Amino acid sequence: MRKTVARMREDDTKLREVVYAALNEARRAKDEYNAFISLVDGQALDERLSELAALSAEEKTARTLFGVPLAVKDNICWKGLPTTCASRLLDGFQTSYTATVVERLENAGAVVIGKTNLDEFAFGSSNETSDWGAVKNPHDPERVPGGSSGGSAVAAALGVPLTLGSDTGGSVRQPAAFCGVYGLKPTYGRLSRYGLVSFASSMDQIGLFARDPWLLRMALEAASGVDERDATTREREADHLGFKTGMNIGWLEEFSGEKGVQPAVAAGMEELLSVFEDAGCRIMQVSIPEIRHSTAVYMLTAIAEASSNLSRFDGVNYGVRRREMGGDAVLGDGADRLQRSYAATRGLGFGDEVKRRIMLGTFALAEGYYDAYYLRAQKVRTLIRREFERAFDEVDLIACPTTPTTAFKLGEKLADPIAMYLADMFTNPANLAGLPALSIPWGTDEAGLPIGMQLIGPRFSEERLLEAAAAVERKG
Ligand code: GLN
């Protein structure tokens with residue numbers, strides 16, 4: 001993409017050609033795989049392109065992502081199109097502002113072409129719970145693309161150069177692995193969450209998909225940094241080392257021999273370690289004992305925070321009020337009329353998985369249960385974070401598979417929430433610890449389905465992850 005960006009700066013026709021080609025791919029991704037919820041209209045796009053074309057040569061050079069087509073997960077706000085979170089509760093919801101990350105990418109020259117499909121409110125690992133219907137995997141349309149950022153992963157796989165997702169427990173890396181593209185979840189605090197609809201605020205992070213890791217780096221740089229509208233944002237703490245041969249690469253004792261890991265995935269992991277070894281790295285075993293509790297800790301934290309964050313969707317502050325369905329007559333009069341209005345809105349507007357999480361999350365936070373569930377989960381979370389810190393005293397990077405298996409069949413895990421939650425067992429530890437992690441495409445299994453391998457690094461080591469990925473890049 002680097003050369004294409006340079007050519008787009010010199011030639012307006014090239015700029016139009018590249019952006020319209022991406023829009024065509026997006027259209028195909030929408031029609032054939034249901035990967036988009038909305039696409040930008042031609043007139044708005046033309047205006048944006050004229051604006052870019054009119055810049056001086058100097059201004060164009062300063063825009064590192066000049067003309068790069070960008071698709072945005074539909075739980076991230078962009079003024080040009082509604083933000084639905086794939087929930088009928090927010091159908092047609094128009095924001096008056098754009099998320100900081102999208103705004104910064106646009107300032108760097110990126111061109112938004114559409115909003116992508118997701119699991120409702122980003123709750124899921126298969127992109128089947130969207131009120132806009134399930135997304136299909138382009139490698140096998142009978143299989144899921146992964147979730148919750150399935151639409152953005154599919155769009156990237158089909159040729160939209162840069163797409164945004166959100167990753168609370170794996171929602172960028174897991175679909176990246178299932179669709180055969182790169183997926184980066186940055187350090188907690190590296191990217192602003194302003195304009196990302198909150199799910200679990202202590203873990204949410206906007207992440208990036210691309211087939212070309214160079215673009216991930218450019219986009220990360222353009223989007224990073226302190227934002228006064230998100231108090232958790234930080235400048236990079238130190239000028240971290242990039243990747244060097246001779247570094248120590250760790251593999252996790254607790255993940256090795258894990259039941260339920262597909263043999264092709266386990267074999268891919270062995271291969272990754274031997275490629276690192278060939279690149280002059282030292283391979284070491286590391287241990288994070290408490291990681292075995294990470295899915296339980298993740299789910300408790302996620303549902304507790306979600307139950308609180310989603311209380312704003314009541315049909316008054318946000319959301320389509322379901323008056324027309326309940327009707328004033330049904331709501332009746334009396335002091336609890338307002339409560340009945342909330343209940344009608346939320347009862348009709350939210351899907352089953354969202355309701356399940358709100359109810360369980362409310363339970364986990366209730367007086368009498370808080371200590372046993374939420375508080376305890378936070379204590380184990382602290383242990384996991386500390387154990388990672390200790391591990392990074394010994395190794396420079398940790399490698400593990402992104403997912404236990406390749407893409408599963410549509411419908412296969414829908415009736416079994418626990419099986420679905422376990423699809424993230426290798427990705428959620430990085431969210432609990434706030435660490436950056438990258439999923440890299442790593443060949444295919446015997447059925448031709450993509451395999452993803454994951455690199456996890458210390459805080460703010462994204463550049464190291466991307467350089468390491470380039471050093472072990474697999475052809476084909
Ligand atoms: N699949 C996980 C969940 O269901 C993670 C979702 C996410 O990262 N947004 O919560």
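Start at 1 and go down the list; that is how both ligands and their atoms are numbered. The shown structure was predicted, so the numbers you read here are calculated from the model rather than taken from an experiment. Position 1 is the first residue of the sequence, and the numbers go up from there.
At under 3.5 Å, a nitrogen or oxygen of Gly169, whether backbone or side chain, sits near a nitrogen or oxygen of ligand 1. Considering backbone and side-chain N/O atoms, Ser125 comes within less than 3.5 Å of an N/O atom of ligand 1. The shortest N or O to N or O distance between Ala122 and ligand 1 is below 3.5 Å.
Under a 4.0 Å criterion applied to the non-hydrogen atoms of Gly170, ligand 1 contributes the atoms 8 (O). The atoms of ligand 1 that sit less than 4.0 Å from any heavy atom of Gly124 are 1 (N), 2 (C), 3 (C), 4 (O), 6 (C). Heavy-atom contacts of Thr168 reach the following atoms of ligand 1: 7 (C), 8 (O), 9 (N) (cutoff under 4.0 Å). The ligand atoms of ligand 1 that sit less than 4.0 angstrom from a heavy atom of Ser148 are 9 (N).
Arg211 places a side-chain N or O within 3.5 Å of a backbone atom of Ala157 that can act as its donor or acceptor partner.
A salt bridge is defined here as a Lys NZ or Arg NE, NH1 or NH2 lying under 4.0 Å from an Asp or Glu carboxylate O, and Arg193 with Asp204 fails to meet this definition. The residues Lys136 and Glu142 are annotated as not salt-bridged, no charged nitrogen and carboxylate oxygen being separated by less than 4.0 angstrom. Classification of Arg356 and Glu353 as a salt-bridged pair holds, one side-chain N sitting under 4.0 Å from a carboxylate O. Under 4.0 Å is where a charged nitrogen must lie from a carboxylate oxygen, and between Glu389 and Arg386 no such pair does. A salt bridge does not link Arg346 with Asp314: none of the charged nitrogens is closer than 4.0 Å to a carboxylate oxygen.
Residue contacts with ligand 1 for Tyr421 are absent, since no atom lies close enough (heavy atoms, distance under 4.0 Å).
Arg357 NH2, 2.7 Å is the protein heavy atom nearest to atom 4 (O) of ligand 1. The protein atom (non-hydrogen) at minimum distance from atom 5 (C) of ligand 1 is Tyr298 OH, 3.1 Å. Nearest protein neighbour of atom 2 (C) of ligand 1, counting heavy atoms only, is Asp424 OD2, 2.7 Å.
Looking at Glu387, Glu253, Arg385 one by one, the single match for side-chain contact (heavy atoms from CB on, under 4.5 Å) with Ile288 turns out to be Glu387.
Distances from ligand 1 to the non-hydrogen atoms of Ala302 include no value under 4.0 Å.
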Hey, mind stepping through Val112 and Val40 against side chain to side chain contact (heavy atoms under 4.5 Å, CB included) and telling me if it holds?
CA-CA 8 Å; Val112 179; Val40 75; 6.0 Å; no

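Nearest to atom 8 (O) of ligand 1 by heavy-atom distance, out of Pro175, Gly207, Ala423, Ser171, is Ser171.
Both the sub-6.0 Å distance and the 45° axial angle are satisfied by Lys413 relative to the ring of Phe408.
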